[in-house]
Each structure stands twice: as structure tokens, then as C-alpha cells.
Number of protein chains: 2
Amino acid sequence: MAVGIKDVARAAGVSPATVSRVLGNGPVSTSLRERVETAIRLTGYRPNLSARRLRSQHSRTIGLIVSDLGNPFFTALSRAVEDAAYRAEMRVVLCNTDENPAREAMYLRLMQEERVTGVIYAPTRRMAASLGQMDFDFPVVLVDRTGPVGRHDGVLLDNRDAAGRLADHLAARGFRRIAGLFGNTSSTAEDRHAGFVAALAGHGLTARASFVAPAVAAAEEAAAALLAGPDRPDAIVGSNGLILLGIVKALKAAGFAMPTDVAVAGFDNEVWTDLVGDGVTVIEQPVADIGRAAMSLLFERLQNPDGAARTVMLAGRLIERGSTRRA
Amino acid sequence: MAVGIKDVARAAGVSPATVSRVLGNGPVSTSLRERVETAIRLTGYRPNLSARRLRSQHSRTIGLIVSDLGNPFFTALSRAVEDAAYRAEMRVVLCNTDENPAREAMYLRLMQEERVTGVIYAPTRRMAASLGQMDFDFPVVLVDRTGPVGRHDGVLLDNRDAAGRLADHLAARGFRRIAGLFGNTSSTAEDRHAGFVAALAGHGLTARASFVAPAVAAAEEAAAALLAGPDRPDAIVGSNGLILLGIVKALKAAGFAMPTDVAVAGFDNEVWTDLVGDGVTVIEQPVADIGRAAMSLLFERLQNPDGAARTVMLAGRLIERGSTRRA
DNA sequence: GTGAAAGCGCTAACAA
DNA sequence: TTGTTAGCGCTTTCAC
């Protein structure tokens, strides 16, 4: 059957404690360490992580709870987090909630049962509301989205600013009948909406904004309705990469060309955005920086559990492409 | 401090064993069960998974080791696997190796230490070669790629057939100077290469095939070289979605139009493929089916550990689009 | 149906 | 530096 620490100890002629010290880089003489290491190799011993964690009371595991792995933003984020964790010799449990609060709750419970060291978490708006009443035995760092004020650390894009710059850009290019599709599950989409509407108002323009499920199909449908309806917009904005894609698909299906018939712009510099037509104007997010910042906040919080909650805000970058060129 | 099973037992006036039975849906009278459940709620008790796993000797965890989460094929696969696991009340630990054998080895070791119930795994070609000498205490199901013959269950696209159909399609459309870029890390790319070359030979054509890193930048560079070199191909094929994207980007950068100057086709029906120009001809993989089949194989193997290794092969679907239309 | 007792595999505390 | 001992929090006998 499975070989345990005692078998290794016997094989090396030492006590289990010494084997344990070798495993944990504890103080062991070189000669014993070598004997133990050979014994480990010979027996094919693999330490049992459950036992280690139970005894040592720390899991060296961080939970990453994202809302949609089908969204390249979150896959990029995951990589950055995993990378940082790897360097810190920690494991990452990756949880995908599909913007479903029930799954979020399930995963939060799981994280508690796993006794994780910390969690990095992009909550839905609905779950963020309940987050205020919940207590966790580990620090939680929110990414991409906000939660109850002052309760958790967080890393965010400056969404209002970025959306405002998008609005300014469209207004400056002479577009006037501007519509926007925003996700209906995140604080982030709300913030982008607010920044967008406010900036347009500053130019004396009224935004035609609506909230949709942050998914390609839903956005495509909503965009098709906009295009078929009366008073067709001359520009449409999407609040994330999936929504933006839906808009572009709807345009294509309806046979509209991109800057000429309707201008398009949005968030997330996804690979396809510079491939379609003359490219789609987007706000690029510093995704890797967001992931790294979240990990830093988490580690700092572990050092200093009682400091005040901090929110790091990063700036987006406007990439102007053909889809908003003015005729 | 953290509340344990004993605290709950005390609060409910029962023994720890009874609380444990409630947790595990064991035989408990309704009245006691209710008392225990209230006590759990009142105390905010969360069972310690490490302790449960240690004692019960099963982790209810499956490991999913994929080679590139930046590849939509693998994110789609992950969803299918996670979905099936969720229904089976199992957890998934998602591991991304970035086609790096060192990371694969690290994760395989981790899976052993976690005492996972089973693993679903897309190995690099290099790691697949060493897989024959490795022994695991859990079943391994290979996905998308093959390993040592007869050693593990597996789920695969019928790659030779699919690549052959792509070749036939191009030949039938009258293309003659056909080049192909294939990934250099997977058995799958090899198989596609073989099927492609063989099918073209059947039409009396010689394929100009080369192997590149399965990533956008590498493919873009290789494609640019093909386009700039002598005897420019009239069609280029990419062996997966990332490579295909690189090819399309190179064409765009060089100012070539898609069916007219050079035809393009490849694997994976990614979202952008029907958006660029008149669409890119692709082989679509039944990704969700692949994931489900892998989970089925895994569960069946757990039931019947000694049966012969099985390989499930699924057919791809050719989607003809504008990028291979003949002038 | 319920409780008492043993022990999963390891590491931490203490002693030597 | 090394070994001995105890016990992390739970589930699983085994009695009743």
C-alpha cells in the first residue's frame, strides 16, 4: 500500500521527525539529509498533503474565484495570479462561478472548508451586497469589482475615468446618437455606465444605455434590436470583451460596416479586436498588473491583518482604431 | 477559535459521531438530525476538509491538467469537466502547464500529494514519452493528446481524418501551393500533420509543413516568413486556434487579402473566425463532448480499475467559410 | 440509531 | 541536531 513517513524513516534509519524536517527544510545534518533523500527516492514516498495541512494548520493554498473563465480578461488574470502563487510556493484553486451567485456561495463555503490562506475574488453585484454580513477566517481581496465599502482590499480599473475617455473620444469624433450595452451583474459595469453617461452629458449628449447579461449571445441580441429599431445609433459601446464581440457580430449579421454605418468601441483589448475590419477601438486593461497587485495586497494583508482596507486603482489605456474613425 | 465537530456535538447534546453522520448523510433519526443542523447553523461550523480527507482516505477531487488556458479549446474543456464534476459532487483542481514539461511534472507530483481521485490530462509530447515509466495511484485520462499505447484511457479528435478533410477541401477548391504550420509540443499536431500530408499526397500535392510553438506570436512570425519568402503559398493551414490566429495576423500585417491572395484554414471554431473578412474555414471540435467523455471514462475506470485501456475518438466538423473560396 | 474509542499521516513541542 | 510524544479534526469501527 501507500508508503508513509514511517516507512521512509525506517528505510533511512531515522525517526519520522527527521524525515519531516527534511521535507520542510528544517535543521538536519547533511549526512542524515542525504540518507533520507535517498530513502524517499527509493520508496517513492509522496507526503500526504491533507495530513500536513491538518497538522500544520496552514494550507499554502489561495482560492481564486472568477466570474467567467470564458472571458479572456479572467484567464489572463488567472495566469498572473497563478504565476505569483507559484513563486511564493503556494497552490491556487481556480473556481469559475459563471456569474451565478449560488455557485459563488458554494465556492466561498468550499474555501472555508479548505482553510485556504486567502482568496482573490471577483464577486457579482448580488453577492457583493451580501458580502458585508459574511465573516471569513482568511483575507479576501476583491478584483475587478467592488464590495462593501472598507471591508476588503481590492484592485480595480479606474472604470469611470476609462468609460469617460471612451465617451470623450466618441464625442470628439463627431458621433451623436451614442448607445451603450453594459453588463448587468457587476459593479464594474455600473461604474463604466456612470462614467460614460456623465461624460456624454458633459458634451450635451444623452446616452442610450441598457444593461444586458455579460455574454456574447445576449449582447448580440440587444445590439440587433438597437440596429433594427428606430433612430439607429451612430455608435455603440460595449462594457466588456464579450459584449463588444456580441455587438460586432450583430453588426456583421445586419450587414452594417463598422465606422461607416455604426461606430463601435468598448473594453478589453482582445486578440480579435485588431483583426476585424480596420480594428476596434478599445480600452486596454493592465490585466497582469491587476493580478500582481491583488497578490501583493493579499500577502501584505497576511503580514498585517489589522491595517485599514486598501483599494488600488489602475488606469486603462485607450487604443484608437478604425471602428471609430469619422467619415 | 475555529469551531470543531466537538463544539457542535456539545451544543447539540450529541456525540461527535452523530454530527459526523449528519454531515455524511449517514443514518440519524430525524429529531437528532434537526438538532445537529441547528447547532451547525448556530455555531457557524465548517468541517475541515483536510481532516475529512485524511480520515476517510478519499479526496473527492479530480485534477485537470491542461497545457494552455489561453487557448479557448482548453477553457471550454475545463468548463465541461467542472460541470460534470460539480454534478458528481467532486472538486476540480485546475492546473495550467503552459506547455512546460517542468510544470507538468510539478503538477503531477502535486496530484499525488493531494491524493486525488483521478486526473484528466493533456500532456506535452515530451512528457507523454516519460508517462510510460510513471506510476500513479489514481487513474489518468488523457485528453486531446495521446500517451504511451495501452496505458491510459483517452479521448481524442480523429485528428488524421479531420486534417485530411481540410486537405481534401483545399485541393478540391483548386489550391496547389499549400503550406501548413503545426504545433511542436503535442501528439495531436503530429497527427494532424500526418493526416494533412497524406491527404495532399493523395492529390499529387506536396505539403510545405513546418512545426512551430503553438502560440500566436510564433505562428505569426513563421507565417510572415512564408509570405515574404519565394514561391508564396496560395493556402496556409494552422493546426490549432492560436496558430490560426497568428497566420491571420501575419496576412493582415503583410496586406494580403484572405481568399484572393492566400487562402487560410485551420482547427478550432473560435469566436473570431467567422468575424474576420468572410470568415475562416475551420474544423470544429466537439469540445464539450470531449470533456464529458473524459469524465465518463474516469468514472468508469474508478468502477472497474482493471479493464483494458480505452480510447474514444470523436469526429470533427468542417465549417466552410470565405477564407477558402476559390477565385 | 447512538456513543466511545481508535487512528488516518503527519508536524510541533519538548527532551535529550 | 535528533528522537519521543502528543494530537491536529475528523470518520470509522465496534459495541450497545
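Please read all numbers here as calculations on a predicted model, not as lab measurements. Side chains included, hydrogens not; waters and symmetry mates left out as well; all remaining heavy atoms used. Protein chains get the first letters and strands the later ones, always in sequence-line order, with residue 1 at the start of each.
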message = How many whole angstroms separate atom CG of A:L49 from atom C1' of C:dG9?
response = 11 Å
request  = For the pair B:S186 (side chain) and B:T124 (backbone), establish whether a donor and an acceptor sit closer than 3.5 Å, ignoring hydrogens and angles.
outcome  = no
message = If I take atom CZ in residue B:R60 and atom P in nucleotide D:dT11, what distance separates them, rounded to the nearest angstrom?
response = 13 Å
task = Whole angstrom is fine here: how far is it from CG in A:L54 over to P in C:dC8?
result = 13 Å
request  = Figure out the NZ/C1' separation between B:K6 and C:dA5, and round it to whole Å.
outcome  = 12 Å
key: Between P of C:dG9 and CG of A:N48, the distance in whole Å   = 7 Å
ask   = How many Å lie between CZ on B:R53 and P on C:dC10, as a whole number?
value = 15 Å
Value in whole Å for how far the C1' atom of D:dT1 lies from CZ of A:R33 = 12 Å
inquiry  = Just N and O in the side chain of B:Q57: are any of them under 4.0 Å from OP1 or OP2 of D:dT12?
reply    = no
key: Any pair counted as ring-ring contact (aromatic ring centres under 6.0 Å, His included), so long as it reaches residues 70-100 of chain B, sequence neighbours left out   = none
request  = Would you mind reading off the distance between A:R35 atom CZ and D:dT1 atom P, rounded to a whole angstrom?
outcome  = 16 Å
ask   = Do the side-chain N or O atoms of A:S50 get closer than 4.0 angstrom to the phosphate oxygens (OP1, OP2) of C:dG9?
value = no
message = Salt bridge or not between A:E190 and A:R125? Use side-chain N to carboxylate O under 4.0 Å.
response = yes
request  = Nearest 0.5 Å please: distance from the CD atom of B:E104 over to the OG atom of B:S130.
outcome  = 8.5 Å
query = Side chain of A:R79, backbone of A:E82: donor and acceptor closer than 3.5 Å?
reply = no
query = Hey, what do you get for CD (A:Q57) to CZ (A:R115), rounding to the nearest 0.5 Å?
reply = 8.5 Å
Contact list (N/O, under 3.5 angstrom) for nucleotides 11-15 of chain C vs protein:
from	atom 1	to	atom 2	distance (Å)
C:dT11	OP1	A:R52	NE	2.6
C:dT11	OP1	A:R52	NH2	3.2
C:dT11	OP2	A:S20	OG	2.7
C:dT11	O5'	A:S20	OG	3.4
C:dT11	O2	A:R55	NH1	2.8
C:dA12	O4'	A:R55	NH2	3.1
C:dA13	N6	A:R21	NH2	3.4

message = On the nucleotide D:dT2, are OP1 or OP2 found under 4.0 Å from the side-chain N or O atoms that A:S29 carries?
response = yes
query = A:R60 side chain to A:A88 main-chain N or O, any donor-acceptor pair under 3.5 Å?
reply = yes
